[in-house]
Novice: 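For reference, the structure I am asking about is given below.
What you see is a predicted model, and the numbers here were worked out from it, not measured in a lab. Sequence lines set the chain letters: A, B, ... in the order given, protein chains first and strands last, and positions in each chain run from 1.
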Amino acid sequence: MSESLGMLDIFALLANGIGFTVLVTVTCSLTAMLVGLLIAGTRRLGFRAMNPFLDVYTYVFRGIPVLVLLFMVYFGLPGIGIKVPPLMAMALSLGLISGAYLAEVFRGALNAVDPAELLAAESMGMSRLQIFRYIEFPQMLRFSLPGMVNEFTSVLKYSPFAYTVGIPEITKQAIALTATTLRGTEIYFAVGVLYFAIFKILLMAVKFIERRYCAPDMLAS
Amino acid sequence: MSDWSIFRDDLIEQMPLILGGLGKTLELTAIISLTGFLLGIVVFYLSLSPSRFVRSIIRGYISFFIGMPLIVLLFLIYYGMPQWGISLSPFTVAVLGFTFNVAAYNAAYLTTAHNGLDPVEAEAARAQGFNRLQIFKLITLPQVLRLSIPALTNQVICNLKDSSVAFLIQYTEFFARMQEVAATNFQFFKAYFFSALVYLALVSLIVLASRALERRYILPT
Amino acid sequence: MPLISVHNLVKEFSGQRVLNGINLEVYEGDLKVVMGPSGCGKSTLLRCLNRLIEPTSGTIHFRGQDITGADVDIRALRQSIGFVFQQFALYRHLSVLDNVTLALLKLRGMSKAEAEEKALHELNRLGIATHRDKYPSQISGGQKQRVALARALAMDPVVIFFDEPTSALDPVMSREVADLINQMRAENVTMLCVTHDLRLARQISDRVVFLDEGVVKAEDTIDHLCNAHSDSKINDFFSSGVRGQ
């Protein structure tokens with residue numbers, strides 16, 4: 001047990017993992033955004049034949065634990081001849097699951113768009129795609145901001161699973177550090193503080209974007 | 001196809017262990033859903049305290065446990081406690097960690113529902129001479145609980161899925177048992193796929209149960 | 001030749017005849033006011049004219065061309081008709097100025113500078129250019145209606161439709177809208193206004209078309225219609241309006 005290891009040293013050692021934690025979180029969040037937008041957009045633009053598939057997707061991916069899907073992708077797929085790198089495995093598990101949740105958030109936000117505004121756009125002579133692009137989409141993004149923040153936070157909180165596939169993010173550093181120093185309390189407390197700090201920074205960034213781009217009555221909080 | 005029959009044979013052979021693991025998964029889910037629910041109500045009650053000090057403590061509690069990844073919290077207790085001479089079983093650690101975490105979420109849902117209530121009713125009750133605890137028990141809580149049924153049952157689904165995390169602290173629940181099955185025959189994909197199906201089936205059962213509950217108890221609006 | 005000529009227009013919704021053979025003509029420079037009790041089909045008529053609703057049968061000639069056919073460029077038709085809705089329907093996520101420029105930029109393909117100049121011209125004309133950077137939630141109902149009108153005018157429409165323009169407004173603001181319509185009339189803008197607000201009708205026109213049960217029941221001066229008309233429906237509608245004043 002190294003008695004000389006202070007709290008600051010612990011933070012310094014853990015900090016090596018921050019970059020990877022952020023990388024995992026951002027990669028999975030972007031995947032989720034892409035999937036969520038695709039699903040919500042397809043549903044909204046009325047490709048009726050697709051709806052059953054979308055329903056199944058959102059139901060299934062919201063019903064499977066992240067860890068189970070992650071293991072299925074990372075440890076299971078090589079067995080049937082598909083090798084997936086760690087970060088991609090995170091995107092294909094956490095990202096796809098989160099995308100299913102985001103799709104529901106977007107669906108709710110699209111339902112909040114005033115039908116009268118859509119009618120106004122239609123009577124102006126806009127095509128269906130133009131209405132989606134200029135009216136529904138921008139409003140959807142603003143309405144779904146609170147739900148999106150929730151979802152990104154949730155992605156951040158599931159990002160420690162990345163250690164199980166060997167990504168050297170914060171939790172992985174903590175496990176290594178605990179194994180050599182046996183000071184789990186300070187180390188995991190410090191880990192908690194780090195996640196909390198990342199969470200707060202994320203929140204501040206969102207508030208900044210919100211203040212910049214939102215129409216007054218559409219503020220999230 | 002022989003792959004499948006090997007997998008099936010192993011599955012049948014290890015069925016007692018798997019079912020035992022499934023029992024533990026359900027047990028953990030049930031316990032943390034209950035304790036998280038009860039502690040959540042206590043936290044929510046305290047969040048309505050007239051004392052500013054109590055309220056700020058509670059705010060801190062909620063944001064700390066919502067901001068901290070569950071797995072980090074479990075590691076904090078699991079690897080941190082022995083440092084103080086306290087050795088807890090994986091089950092105890094899981095119950096403790098989940099309870100704090102789930103209670104914070106449930107308290108947040110109840111608070112959201114409470115924000116939507118008409119304060120006039122509590123005022124009317126005060127005018128009739130009810131004390132604070134009576135108002136909470138007779139007026140506030142019944143309404144808030146009914147309004148939160150969707151969020152609370154959703155949390156139970158999350159609890160079930162998240163209980164798979166407990167295997168990372170060596171709790172031998174369902175997912176841990178399925179890994180053992182995979183390890184004996186190296187059919188990882190099938191084992192994880194089967195796990196996913198089981199979780200999906202259990203989630204579906206909870207969804208059906210919660211729909212019945214909602215139909216029965218939700219307040220007409 | 002009339003600008004719009006409607007002949008025997010029928011619209012059925014699941015077997016129910018909402019429009020039952022409408023005949024109507026609007027000439028250039030006209031201000032046509034269509035009145036009637038709620039459910040008489042006024043809004044449906046308006047929406048048939050720019051094909052937001054597909055008519056069941058009958059013809060609509062717009063500048064001499066039948067626009068009920070399948071080969072008609074509906075989006076071009078709609079761009080030449082300004083539509084002002086009862087709930088204003090301003091785009092919440094856009095400022096006043098952007099509400100007006102959107103169609104100019106995306107449908108007319110104007111440059112940003114051109115579009116803004118045109119939009120500001122219309123906003124000035126209606127006296128709300130000072131609110132250009134505000135959002136719909138930050139202005140009053142009367143101001144919203146001005147923005148909605150500016151948004152329609154910016155496209156240089158051949159005709160402007162008003163759908164119950166005062167139903168979401170208090171009497172003072174309704175007066176503002178009436179003044180606005182009169183201002184447009186003085187500038188020779190062709191307008192078709194659907195309303196059940198008798199006060200508004202009196203302020204902007206002395207003649208109205210009375211629609212009931214999907215047909216044009218009468219086209220006459222308001223004074224005639226108000227004075228103990230032989231048709232009991234007309235009598236009920238206009239006398240209640242008089243009492244209401």
Side-chain angles (χ1 to χ4, degrees), chain A residues 33 36-37 40-41 44-46 48 105-149 206-221, chain C residues 43 46-53 72-96 98-109 133-139 144 147-149 151-155 157 159-164 168:
Chain A
M33 277 293 277
L37 288 177
R44 188 70 170 190
L45 290 174
R48 286 275 166 78
V105 169
F106 291 149
R107 193 214 312 235
L110 282 171
N111 288 340
V113 177
D114 185 358
E117 289 176 40
L118 303 181
L119 200 64
E122 200 184 347
S123 74
M124 261 185 182
M126 284 196 200
S127 69
R128 186 69 193 85
L129 211 59
Q130 282 174 321
I131 295 175
F132 184 77
R133 181 154 165 223
Y134 300 122
I135 314 295
E136 295 178 285
F137 182 70
Q139 292 203 12
M140 179 201 80
L141 283 187
R142 287 158 169 87
F143 282 134
S144 51
L145 208 59
M148 272 157 66
V149 171
V206 169
K207 287 266 175 248
F208 175 77
I209 295 171
E210 190 180 330
R211 226 166 289 146
R212 238 190 111 165
Y213 293 104
C214 263
D217 70 326
M218 300 180 72
L219 284 180
S221 49
Chain C
S43 284
L46 221 47
R47 281 164 173 70
C48 280
L49 297 185
N50 73 348
R51 300 266 305 262
L52 280 175
I53 293 176
V72 174
D73 184 350
I74 297 178
R75 292 177 47 212
L77 167 75
R78 287 178 186 159
Q79 287 181 39
S80 60
I81 297 175
F83 209 119
V84 177
F85 290 87
Q86 56 175 323
Q87 301 289 348
F88 329 121
L90 297 181
Y91 306 129
R92 276 182 283 192
H93 62 301
L94 299 177
S95 68
V96 163
D98 292 342
N99 257 282
V100 184
T101 55
L102 182 70
L104 298 173
L105 292 169
K106 305 302 176 189
L107 299 177
R108 285 284 148 84
D133 293 323
K134 290 191 179 164
Y135 283 90
S137 62
Q138 297 172 312
I139 56 178
K144 281 181 198 167
V147 178
L149 182 55
R151 184 172 72 177
L153 285 170
M155 295 290 278
V159 54
I160 295 187
F161 292 174
F162 291 89
D163 185 11
E164 303 277 10

Novice: Quick one: what part of C:I81 sits under 4.5 Å from any heavy atom of chain A, side chain, backbone, both or neither?
Specialist: backbone
Novice: Nearest 0.5 angstrom please: A:Q130 CD to C:L102 CG, how far?
Specialist: 9.0 Å
Novice: On a heavy-atom basis, which atom in C:R92 and which in A:A112 lie closest, and how many Å separate them?
Specialist: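 Answer, listing the atom of C:R92 first, then A:A112: NH2-O, 3.1 Å.
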Novice: Between C:H93 (side chain only) and A:Y134 (backbone N and O only), is there a donor and an acceptor less than 3.5 Å apart?
Specialist: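 The answer is yes, because a donor-acceptor pair under 3.5 Å joins these two groups.
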Novice: Between A:A116 and C:A89, which heavy-atom pair has the shortest distance, and what is it?
Specialist: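 The answer is O-CB, 3.4 Å.
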Novice: Considering residues at least two apart in sequence or located in another chain, which fulfil the side-chain contact (heavy atoms from CB on, under 4.5 Å) criterion with C:V96?
Specialist: C:L123, C:I139, C:V147
Novice: Donor-acceptor pair, A:E122 side chain versus C:L52 backbone, under 3.5 Å?
Specialist: no
Novice: From A:M124 CE over to C:K106 NZ, what is the distance, rounded to the nearest 0.5 angstrom?
Specialist: 13.0 Å
Novice: If you define the side chain from C-beta out and look only at heavy atoms, does anything of C:R47 sit under 4.5 Å from A:L119?
Specialist: yes
Novice: So, using side-chain contact (heavy atoms from CB on, under 4.5 Å) as the criterion, who are the partners of A:R133 when residues are at least two apart?
Specialist: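 Once residues adjacent in sequence are excluded, A:R133 has no partner under the side-chain contact (heavy atoms from CB on, under 4.5 Å) criterion.
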Novice: Once rounded to the nearest 0.5 Å, what's the spacing between atom OG of A:S123 and atom CD of C:Q79?
Specialist: 11.0 Å
Novice: Could you give the distance from CD1 (C:I74) to OG (A:S127), rounded to the nearest 0.5 Å?
Specialist: 12.5 Å
Novice: Strictly distance-based, threshold 3.5 Å: is any side-chain N or O of C:Y91 a donor or acceptor partner for the main-chain N or O of A:Q139?
Specialist: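 Not a single qualifying donor-acceptor pair exists.
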Novice: Do you know the tightest heavy-atom contact between A:G125 and C:R75?
Specialist: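 It is O-NE, 2.9 Å.
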